[in-house]
There are 2 protein chains.
Amino acid sequence: MASVTIKDVAAAAGVGVATVSRVLTGTGSVSAATRAKVLAAAKNLDYRPSALGRSLKTQRTGGIGLIIPNISDPFCADFTAGVLACAHGQGGQVLIDVSHDDPAIEAEIVERFAEQRVDGIIAMPVRGRPETWKSVASLGLGLVFAGRTVEELPGTATVLADEAGGVRSVVEYLVGLGHRRVAFLGGRPAESSTRREHESVFRATLEELGVAVEEELVVRARPTADSAYAAAASLFMRRPDLTAVVAASHQLGEAAVLASRELNLRIPADVSIAVVDDVPWSELCDPPLTVVSRPAQDMGYRACELLLRSPGTREGGRAQGRPVVLPTELVVRASCGPVTGSTRTARGR
Amino acid sequence: MASVTIKDVAAAAGVGVATVSRVLTGTGSVSAATRAKVLAAAKNLDYRPSALGRSLKTQRTGGIGLIIPNISDPFCADFTAGVLACAHGQGGQVLIDVSHDDPAIEAEIVERFAEQRVDGIIAMPVRGRPETWKSVASLGLGLVFAGRTVEELPGTATVLADEAGGVRSVVEYLVGLGHRRVAFLGGRPAESSTRREHESVFRATLEELGVAVEEELVVRARPTADSAYAAAASLFMRRPDLTAVVAASHQLGEAAVLASRELNLRIPADVSIAVVDDVPWSELCDPPLTVVSRPAQDMGYRACELLLRSPGTREGGRAQGRPVVLPTELVVRASCGPVTGSTRTARGR
DNA sequence: GTGAAAGCGCTAACAT
DNA sequence: ATGTTAGCGCTTTCAC
């Protein structure tokens with residue numbers, strides 16, 4: 001019952017342990033006859049080499065620590081799928097845990113991964129706790145950020161989506177459709193740097209196109225469904241004259257859709273809605289949602305590649321240069337339309 | 001730069017390695033003064049005990065292997081969230097990989113997990129490769145199935161959702177609404193045993209309620225979006241007189257919704273649709289979908305608990321008795337309504 | 001081509 | 001209360 005070790009195999013094959021090791025790792029030279037004997041013995045005994053023993057000796061585990069805020073979020077899930085696809089192909093083991101965007105939990109996870117001696121960590125980092133990552137770097141294990149950056153650690157390998165480009169193109173699209181009073185539904189400034197960026201790109205693009213930015217049309221919600229809904233609803237009620245809204249996340253997009261339904265606003269006849277963040281159900285929505293979609297799975301795959309290829313996996317591998325930025329895509333479906341002559345105030349209810 | 005070991009800490013603190021170990025693991029007795037010295041030295045050196053060394057010695061890694069078919073599936077993702085919540089709380093490490101419902105991949109993952117010496121495995125097993133699991137059991141590591149069973153391994157710890165109860169209640173609900181020609185959109189028999197079960201419970205419940213089961217109304221699709229859509233569409237076209245359909249998975253439900261939209265069938269005025277399998281967007285659908293929902297996250301949590309509590313974690317822990325069956329819930333939203341007098345053939349288009 | 005032996009970092013007897 | 005030592009299962013010199 002006790003687990004069979006390399007020693008048992010060696011004994012059964014009538015050779016030394018070193019020979020067994022050579023055969024199994026493919027290192028050194030072994031005569032065909034011996035190799036066969038060893039293989040037979042191993043198969044016979046149902047031998048499984050212990051990664052523990054090997055890792056202790058070689059100082060590499062092949063482990064990859066993955067930290068995401070929330071596995072139930074479709075973007076995170078797809079990202080994870082990409083990481084798994086790459087890691088599996090390379091024979092890597094993926095350790096996963098969720099931070100719930102809590103810096104303390106994140107730090108704890110990093111600590112655990114460090115004790116496990118993972119070769120590297122892939123993370124969608126929480127804002128505002130750079131110490132956590134500095135310690136990772138100084139520990140000498142690989143580190144790749146994804147989806148977000150940590151300003152205090154420039155030069156760290158990073159995979160990003162071109163969200164700025166996405167926001168820009170959706171604004172251009174909307175303005176091209178004739179919209180002039182377009183609202184922005186975003187997250188609170190403190191939430192994340194990408195959210196801030198969304199907002200500033202929104203403003204900048206509008207200005208470039210010669211459309212005035214009305215402060216009243218730029219609203220921010222906390223990252224809860226209630227807050228998002230409240231923000232969307234009050235936006236619609238306060239400014240019945242707006243003709244389009246850009247939502248900065250799928251939660252905010254949902255809130256916008258729900259709120260407009262509740263207020264009997266037809267989409268896109270009364271109001272056009274575009275969401276920066278694709279979700280699997282955007283085409284099941286009625287009408288199907290026009291969105292900016294990020295290549296979640298590719299991002300995961302690339303992040304993992306970056307980590308594995310990372311020259312100094314255990315050699316303080318920082319300063320890998322500029323972030324990898326993957327293109328986003330404006331997926332035009334049916335939730336945005338041209339501005340109609342009818343004013344919103346003329347609608348039912 | 002070389003990683004600091006227990007020996008370094010011992011030297012720095014001026015004590016033996018055993019003392020350091022005692023302090024850090026909380027075992028044995030150590031004087032307050034020594035404890036302080038050791039702790040200080042450890043903190044100073046930024047020491048992180050190696051899980052590798054400990055695991056090799058103790059023969060337990062605290063690792064949990066999680067195998068799911070597809071992380072992008074919302075049910076699997078929520079299930080994973082539950083596993084992570086429980087494991088994190090217990091200090092367990094979760095290794096994750098996806099099988100894509102491929103028995104060969106599944107077997108390979110099990111093999112890898114075994115080499116990693118995980119303490120146990122939680123899996124949503126693929127049909128038809130019992131050998132894989134028999135070897136796990138004989139390896140002496142913990143095993144918990146979730147969501148599906150492996151007929152050849154009865155007695156293995158298992159967490160299930162009461163899908164039969166869910167199907168029954170949705171059929172009763174529909175019949176109570178006056179529906180008599182209700183269709184079943186299911187998976188191919190070979191796909192999985194739960195799908196088969198759905199179908200037979202569907203038939204049995206209908207019969208119990210004195211409603212004839214029409215073979216033409218029971219259709220099966222392969223697990224691809226195209227096949228599901230084709231099955232749904234042809235069902236609607238073949239039998240314009242049907243008034244309700246229960247779809248056995250979210251993919252099939254989506255197909256039903258899409259197909260009915262395409263055919264200009266109003267939900268629920270022309271046809272009622274119920275889905276066995278909740279998805280986050282069912283309330284965003286228009287109309288919001290009536291579904292049977294499984295407690296995905298609870299299932300994950302319970303599965304992990306079962307594994308951790310498992311008496312013989314490394315002692316051939318099989319034969320844990322009956323499966324844990326968690327209740328499903330019929331979530332009534334707006335996609336099912338009473339049968340109307342108007343016949344479907346009188347509808348627009 | 002193959003075996004013996006020295007550790008990798010840790011814990012658990014066993015001494016003291 | 002604390003130090004010494006023997007492995008856990010493996011890879012890798014170093015001899016032969």
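Just so we're on the same page: letters track the sequence lines, and every chain starts at 1. None of the values given here were measured: they were computed from a predicted structure.
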Engineer: What's the CG-C1' distance between B:L24 and C:dG9, to the nearest Å?
Structural biologist: 13 Å
Engineer: Please state how far atom CG in B:L56 lies from atom P in D:dC8, giving the value in whole angstrom units.
Structural biologist: 9 Å
Engineer: Roughly how bent is the helix from C:dG1-D:dC16 to C:dT16-D:dA1 end to end, in steps of 10 degrees, with each end axis from five pairs?
Structural biologist: 40°
Engineer: Does a nitrogen or oxygen in the side chain of A:S50 sit under 4.0 Å from OP1 or OP2 of D:dC10?
Structural biologist: no
Engineer: Which whole-number value in Å describes the distance from B:L52 CG to D:dT11 P?
Structural biologist: 13 Å
Engineer: Output side-chain donor-acceptor pairs under 3.5 Å for residues 87-95 of chain A, partner residues at least two apart or in another chain, one line each.
Structural biologist:
{"unit_1": "A:H88", "atom_1": "ND1", "unit_2": "B:D97", "atom_2": "OD2", "d": "2.6"}
{"unit_1": "A:H88", "atom_1": "NE2", "unit_2": "B:E108", "atom_2": "OE1", "d": "3.4"}
{"unit_1": "A:H88", "atom_1": "NE2", "unit_2": "B:E108", "atom_2": "OE2", "d": "3.4"}

Engineer: For the pair made of NZ in B:K57 and P in D:dC8, what is the distance, rounded to whole Å?
Structural biologist: 7 Å
Engineer: With a 4.0 Å cut-off on heavy atoms, is B:G53 in touch with a base, just the backbone sugar-phosphate, or nothing at all?
Structural biologist: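 Since a base atom lies under 4.0 Å of B:G53, the category is base.
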Engineer: Under a 3.5 Å distance rule, please check whether A:R148 uses its side chain to pair with a backbone N or O of A:P125 as donor and acceptor.
Structural biologist: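 Yes, A:R148 side chain to A:P125 backbone: donor-acceptor pair under 3.5 Å.
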Engineer: Partners of B:D298 by side-chain hydrogen bond (donor to acceptor under 3.5 Å, both in side chains), sequence neighbours excluded?
Structural biologist: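 By the side-chain hydrogen bond (donor to acceptor under 3.5 Å, both in side chains) rule, B:D298 matches no residue at all.
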Engineer: With B:S135, which residues qualify under side-chain hydrogen bond (donor to acceptor under 3.5 Å, both in side chains), at least two apart?
Structural biologist: none
Engineer: Return the polar atom pairs (N/O with N/O) between nucleotides 13-16 of chain D and the protein under 3.5 Å, or none.
Structural biologist:
none

Engineer: Does C:dG9 have OP1 or OP2 under 4.0 Å away from a side-chain N or O of A:Q59?
Structural biologist: yes
Engineer: Report the distance from atom CG of B:D8 to atom P of C:dC8, rounded to the nearest whole Å.
Structural biologist: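 These atoms are roughly 11 Å apart.
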Engineer: My understanding is that only residues two or more places apart in sequence, or in another chain, count here; which of them pass side-chain contact (heavy atoms from CB on, under 4.5 Å) with B:Q297?
Structural biologist: B:A81
Engineer: Taking side-chain contact (heavy atoms from CB on, under 4.5 Å) as the test, write out the residues that go with A:A161, two or more places apart.
Structural biologist: A:E163, A:R294, A:P295, A:M299, A:T328
Engineer: Test of understanding: with side-chain hydrogen bond (donor to acceptor under 3.5 Å, both in side chains), list the residues that count as partners of A:R54, not counting sequence neighbours.
Structural biologist: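 Applying side-chain hydrogen bond (donor to acceptor under 3.5 Å, both in side chains) to A:R54 gives none.
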Engineer: Expressed as a whole number of angstroms, how long is the span from B:R54:CZ to C:dC8:C1'?
Structural biologist: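 Atom-to-atom, B:R54 to C:dC8, this comes out as 15 Å.
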Engineer: Taking the nucleotide of DNA chain D with the closest heavy atom to each, which residue, A:S21 or A:K7, is nearer the 5' end?
Structural biologist: A:K7
Engineer: Using the ring pair (Phe, Tyr, Trp, His ring centres under 6.0 Å) rule, collect all pairs that involve residues 101-147 of chain A, keeping only residues at least two apart or in two chains.
Structural biologist: A:W133-A:F145
Engineer: Can you tell me the distance, in whole Å, between the CD1 atom of B:I6 and the P atom of C:dC8?
Structural biologist: 14 Å
Engineer: Output all residues satisfying side-chain contact (heavy atoms from CB on, under 4.5 Å) with B:N44, sequence neighbours left out; order by chain, then residue number.
Structural biologist: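 Listed in chain order: nothing, the list is empty.
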Engineer: Using modelled atom types only, decide if a donor and an acceptor are shared between the side chain of A:D119 and the backbone of A:G62 within a distance under 3.5 Å.
Structural biologist: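 Present.
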Engineer: Sorted by first residue and then second, give each ring pair (Phe, Tyr, Trp, His ring centres under 6.0 Å) pair with at least one member in residues 31-62 of chain A; sequence neighbours left out.
Structural biologist: none
Engineer: Heavy atom of residues 25-42 of chain B under 4.0 Å from DNA chain D: which residues?
Structural biologist: B:S29, B:V30, B:S31, B:T34
